[in-house]
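Note that the coordinates shown come from a computational prediction; the quantities given were computed from them, not determined experimentally. Only this structure's heavy atoms are used, side chains among them; waters, hydrogens and symmetry mates stay out. We name chains A, B, ... by the order of the sequence lines, and we start the count at 1 in each one.
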Amino acid sequence: MQGSPQFIFVGIAQYILFFKFTRIDAVKTYQEFKQVDYPHIGESVLQYWKENQIFEKSISNREGAKTFTFYEGPPSANGTPGIHHVMARTLKDIFCRYKTLRGFQVKRKGGWDTHGLPVELQVEKELGITKEDIGKNPTAGRAGITVAEYNKKCRETVMRFKNEWDELTEKIGYWVDLEDPYITFDSNYIESLWYLLKQLYEKGLLYKGYTIQPYSPAAGTGLSSHELNQPGCYREVKDTSITGQFKLKGQPNTYILAWTTTPWTLPSNSALAIGENLDYVKVRTFNPYTHLPVDVILAKARVASYFSPKAAELPLEDYRPGDKLIPYQVLEEFKGKSMIGWEYEQLLPIPGLALPHPAFTVVAGDYVTTEDGTGIVHLAKAFGADDFRTLVQQKVPGIFVQDELGNEVPVVDRQGKFLPIVGEYLVAKMQEHGISAHKTFGPNDFYVKNYTQDDEAAPDYKNTDVILSILLKNENKAFKVEKYEHSYPHCWRTDKPILYYPLESWFIKTTAYKDRMVELNKTIQWKPEATGTGRFGNWLENLVDWNLSRSRFWGTPLPIWRTADGTEEKCIGSIAELQAEIDKSVAAGLMTASPYAGKELDLHRPYVDDVILLSPKGQKMFRETDLIDVWFDSGAMPYAQWHYPFENKDVFAANFPADYIAEGVDQTRGWFFTLHALSVMLFDSVSFKNVIANGLVLDKNGNKMSKRLGNAIDPFKTLKEYGPDALRWYLLSNANPWDNLKFNLDGVTEVQRRFFGTLQNTYNFFALYANLDAFIYRAEKAIPVQERAELDQWILSKLQSLILEVEAAMDGYDATKATRAIQNFTVDQLSNWYVRLARKRFWRGDMQADKQAAYETLYECLFTLSQLMSSFAPFYADWLYKNLTEAGESGKASVHLTDWNTANHSLINPDLETSMDLAQTISSLVHSLRKKEKIKVRQPLQRILVPVLSEKFKSQVAHVAELIQTEVNIKEIEYLDDASGILVKNIKPNLPVLGKKLGPKMRFVVAALQGWGATEINQIEREGNYLLSVEGEEIDLLLEEVLISSQDIPGWSVASDQGVTVALDVNVTEELKQEGVARDLVNRIQNLRKDLGLEVQDKITLLVSDSNPLVNASIALFGGYIQEETQAISLSLGKLEGEATVLDMDEFELPVRLIKA
RNA sequence: GGGCUUGUAGCUCAGGUGGUUAGAGCGCUACACUGAUAAUGUAGAGGUCCGUGGUUCGAGUCCACGCAAGCCCA
């Protein structure tokens, strides 16, 4: 090596390096690492990125390039981040990094979700107050807080853990712009929202309507679901339940039975719901109250609850009115589906409450069960959320009347009593049926629950439900009436039962764009696909209008002002418009001054509520007090993050729609929907083209992580122990991100050991020898691939295939495939095969072409890997990249600033890859045989036999013969072809091919082939076909329809796998034995060297005891080899006197003396 | 209750369009290698492919009905 041109060249490079980096170990151009501290790599690379602004450069470098748009779904910073956030954020990060390498400019604006109920609840809890206290003065015994103070507190709370979030984001290497994030409480952000709301308003898509909510007539207020979940709200109560008889039209004397625990809703019945897949029966029997014969319909599974089994045998004709047992007979059975559309007569035909078709028909309801009742559910549109939704979807009208303003109102008023229209009917019916009660009822006295403090213990006490049930019994309209104990929600303030009641809300008419949303959804690539077609697609198919209203305090106010009578209203679409309207209002004298005069503009409550505007007709308009759903905030981020359209119109245009977004699958009806809905309604576009909906991160036993149970994984602790790269790699490679992940730290350890450890070993191996040989990679001086060894060509071929595989996976948003492919290449191909077989090339001799080629090949593999893996393990990849490139000074400042190296197709050599596969298979088979025969690999053997059935196969094996020979320590490979005459062939049907041709006749042919011998096989091989007679039919069997293999060599011990068969010649000749001893000797001396602590390059002298003829013969023949391997400058046989080491040679002992030269 | 997802070795996961003997890694057992060495290799054991029916010459794969777990919605 001394004096070679290569050395001089390298020497200069080192010289330069010495001064540039002032390294102490200046001879070493590639850094070597004994142990690797992965967390430290994460920290130091992060530091490097910060100091050199690598993230900023990765974007500014791509100025003018095609854009790849990513939208950040804003997290809420009022809680600390968990391990599942690492998953979500990693998933977001990798595709942005990948696309950057592929030449796109990828801007990623961070964002924060700041409004909403969770924030408010947290503040309520911390202040020890409830919703009732907000906006009230403190009074005796109660806290109180102004809306202004309350919202101030919310604003403070919501960013409380921003620092933790930012820290996590940085430490896991999620590149997103944290300097200039969008914040949903920002005035500019809200202004954009107002603009969008006004767009919807002007399209007529914003309207005020009803939604069925829990309502307390006693308190006169709606209750939120969280108020309803307060402990003690649900109580066991006894209510009158009625099974009503609804008379069918077109089927004489036939009734549908439907059960309700709220009889007061029966006057509002307008449909009946069945379960499409449930079984129903028609039963002939008698009404237990009127004793009239009736045919009734109910779910088959409920028959036993309505009829006594003892009565089943009784003949119908024997029934006498008053009999305890009522006979019954099942007439027919059918599926619920067949009942859809059946018409029935209105149960209570109250004058003025008639409805047109399709009212009073049977519809399908997905919530119908056979757990209680009749398996048929009575629907009253005004008084049940399910009822309302079903009837809206089925376009069935509900029972409502018009109030004096022309608005539709239910027949129960806000005090919880029937309107006179029902009251009058009931008064008349009570007279008609002679029903007496504890008091005289007037038309205005029918409260649906006891809201009037009536004494329930009073004699003859009857509530509205009871009165209704009596009259239904009398009119042959009730099949069963009984007290029923169940759990029913009560108002936490008044203790009175609540009603489900239609309350006013603002809606976005998403249903108007349903078809378009469905259509555009089909253009989105969902990962996994089923979330798009199923979960999201089905949701769109069953879309209802978006209820926008929230009766809360901390959120985006609805920008609609209305007159008190609701006849005039105005929607405000910008701050400027608001200012102008305020000015008008002030000029008209409605306000003395603008509430914002001299103050900072805050569009939140309570300030915006102080604004009174002037209507066109000169009336006062007040803001509708509702806030809007926070999901509108986040769904509008494509526009509002840029303050569109007030600023950045061009930026928005260049970044809409997103190419890619990712969030948890729980966002399907949340962010994914609101993004989609708004873009379709406002821009007739999707808002994202590709989306990954990731699953949950569970603990290792598959349970939900929770801080309370203590099974939550702390991301910061995990990062500290394992570093970011192994963690990210584990999250991505272990399972598809859309499946739930059972998070197990052992898995992270495994990734670290198996993948990163192996890669690191490979790098260390390279660095160690490259430094010894002073090798530095120079692309321009590299040896052309076709001039390199076959092994090099092979690994480079594999490498190109890997690049293609990673590209395909990443272009299809499949990170798991990509990471697994990289890992398999690194561990199986590069480390366990290439490096192992090529090792000797690195440590032998001078720096000739073969050795240089080996270095270059290994370097190119590692270099390419650093780029391929950089999206997934950004810290380690950059560190590896820097270690590889610093020496040559050829690299960029970071792997993340490089351009993607696409695959070189000309280097892909499928034949060579097949050959190498064969080498691996054959080696494995020989190992297996050696084990079976108990002959260790160190013992050389003469030959293996390989049957070859084609020339191609033979040449493919011959190609890698030397490799196999070295790998399994044999002298030669002998090929057995047809001519040898000793092959035993096997024939099997090629099933996929033959199955299509033969179908049912297959099994006869399969049976026939099993009986075949050499004659038949030879014939079909010779002639290309064979006429087979089965079941009296001639079948022409073609050669390509069968598979012929050789799995046996008579007289030999063989092993087979994947159609390859190998036999091993186990005969150990004297010379082979001697060679074996020589190798054993080398092995023992190497161990001795190591025990003595000798360095690789240390020379020794060796004296071997002249005591064993086998050893003597071995040394005579292989002394040179032994000396070379053990770096012995002398090797002599003789009598050992004094100090000697006794080597255990398995079969004998051998004293030697080893002295360092 | 509905929609969707998942169920394959002790554990984590692969298994286009149905094809004969269902694979990998970890773990376990044994052995080998020893100039990548706190590294590595090889082999072995380990399966009712959640269950039951069905379609088919043939089902882990397709269909139906269940069971179990999870998410979302009621």
* **Same-atom distance (C1') from A30(B) to U48(B), integer angstrom** => 29 Å
* Do you know the tightest heavy-atom contact between Thr826(A) and Leu759(A)? -> CG2-CD1, 3.8 Å
* Structure fact -> Tyr855(A) meets the side chain to side chain donor-acceptor pair (under 3.5 Å) criterion, sequence neighbours left out, with Asp773(A)
* Asked: Looking at A74(B), C71(B), C26(B), which one has an atom nearest to any side-chain atom of Val665(A)?
  -> C71(B)
* To do: Have a look at Arg938(A) and say if it touches a base, only the backbone sugar-phosphate, or nothing, with a 4.0 Å heavy-atom cut-off.
  => sugar-phosphate
* **Salt-bridge contact Arg836(A)-Glu967(A) (side-chain N to carboxylate O under 4.0 Å)** => yes
* Rounded to whole angstrom, note down the C1' distance from G23(B) over to A64(B). => 29 Å
* To do: Could you measure between the two P atoms, the one in G16(B) and the one in C63(B), and give it in whole Å?
  => 14 Å
* From G19(B), C33(B), G35(B), nucleotide with atom closest to Leu991(A) side chain -> G19(B)
* Using atom C1' of each nucleotide, how far apart are G44(B) and A39(B) to the nearest Å? -> 23 Å
* Asked: On a whole-Å scale, what distance lies between the P atoms belonging to G25(B) and A14(B)?
  -> 16 Å
* **side chain to side chain donor-acceptor pair (under 3.5 Å) partners of Tyr730(A), counting only residues at least two apart** => none
* Asked: Looking at A36(B), does its base get a donor-acceptor pair with the side chain of Ser831(A) below 3.5 Å?
  -> yes
* Taking Ser924(A) for the side chain and Gln920(A) for the main chain, is one N or O donor matched with an acceptor at less than 3.5 Å? -> no
* **Value in whole Å for how far the C1' atom of G25(B) lies from CG of Asn832(A)** => 12 Å
* Would you classify Asn761(A) as touching base, sugar-phosphate or nothing, given that sugar-phosphate means primed atoms plus P, OP1 and OP2, and contacts are heavy atoms under 4.0 Å? => base
* Base partner of G47(B), which must satisfy Watson-Crick or wobble distances under 3.5 Å -> none
* Structure fact -> Taken to the nearest whole Å, CG/Asn764(A) to P/U40(B) is 13 Å
* For nucleotides C72(B) and U29(B), find the distance between their C1' atoms and express it as a whole number of Å. => 46 Å
* Asked: Does G27(B) have OP1 or OP2 sitting under 4.0 Å from an N or O in the side chain of Arg753(A)?
  -> yes
* To do: Measure the distance from CH2 on Trp631(A) to C1' on C72(B) and round it to the nearest whole Å.
  => 12 Å
* Could you tell me if the ring centre of Phe842(A) sits under 6.0 Å from that of Phe765(A)? => yes
* In residues 814-825 of chain A, what residues come within less than 4.0 Å of RNA chain B, judged by heavy atoms? -> Arg820(A)
* Asked: When we call it a touch if two heavy atoms are under 4.0 Å apart, what does Val835(A) touch: a base, just sugar-phosphate, or nothing?
  -> base
* Asked: With both distances kept under 3.5 Å, what pairs with C31(B), Watson-Crick or G-U wobble?
  -> G41(B)
* Asked: Which one is paired to C4(B), where only Watson-Crick or G-U wobble pairs with both distances under 3.5 angstrom count?
  -> G70(B)
* Quick one: is A43(B) close enough that its OP1 or OP2 comes under 4.0 Å of any side-chain N or O from Ser924(A)? -> yes
* What nucleotide among A36(B), C72(B), G25(B) has an atom nearest to a side-chain atom of Glu750(A)? -> G25(B)
Return the polar atom pairs (N/O with N/O) between nucleotides 4-7 of chain B and the protein under 3.5 Å, or none.
none

* Asked: Does a donor on one side chain and an acceptor on the other come within less than 3.5 Å for Asp828(A) and Trp833(A)?
  -> no
* Asked: What integer number of Å spans the C1' atoms of G18(B) and C62(B)?
  -> 8 Å
* Do side-chain atoms of Trp671(A) reach the backbone of Ser634(A) as a donor and acceptor pair under 3.5 angstrom? -> yes
Restricting to nitrogen or oxygen on both sides, can you table the protein-nucleotides 9-12 of chain B pairs closer than 3.5 Å?
{"residue": "U12(B)", "atom": "OP1", "partner": "Lys742(A)", "partner atom": "NZ", "Å": "3.2"}
{"residue": "U12(B)", "atom": "O3'", "partner": "Asn734(A)", "partner atom": "ND2", "Å": "3.4"}
{"residue": "U12(B)", "atom": "O2'", "partner": "Asn734(A)", "partner atom": "OD1", "Å": "2.2"}
{"residue": "U12(B)", "atom": "O2'", "partner": "Asn734(A)", "partner atom": "ND2", "Å": "3.0"}

* **Which residues share a side-chain contact (heavy atoms from CB on, under 4.5 Å) with Lys742(A), sequence neighbours left out** => none
* Of the listed nucleotides A36(B), A14(B), U34(B), the one nearest the side chain of Asn736(A) -> A14(B)
* Structure fact -> From CD of Gln920(A) across to C1' of A43(B) the rounded distance in Å is 16 Å
* To do: Looking at every strand, decide which applies to Asn542(A) at a 4.0 Å heavy-atom threshold: base, sugar-phosphate, or nothing.
  => nothing
* Asked: Counting N and O atoms only, with roles assigned by atom type, does the side chain of Asn744(A) sit under 3.5 Å from a partner on the main chain of Asp746(A), one being a donor and the other an acceptor?
  -> yes
* Flag for Arg938(A)-Asn969(A): side-chain donor and acceptor within less than 3.5 Å -> no
* Could you measure between the two C1' atoms, the one in C28(B) and the one in U21(B), and give it in whole Å? => 24 Å
* Pairing nucleotide - G10(B), Watson-Crick or G-U, each distance under 3.5 Å -> C26(B)
* Asked: Do Trp729(A) and Gln823(A) have side-chain atoms, one donor and one acceptor, less than 3.5 Å apart?
  -> yes
* Asked: Is there a donor-acceptor contact under 3.5 Å from the side chain of Gln393(A) to the main chain of Asn542(A)?
  -> yes
* To do: If the plane angle is over 60° it's perpendicular, under 30° parallel, otherwise tilted; pick one for Tyr859(A) and Phe766(A).
  => tilted
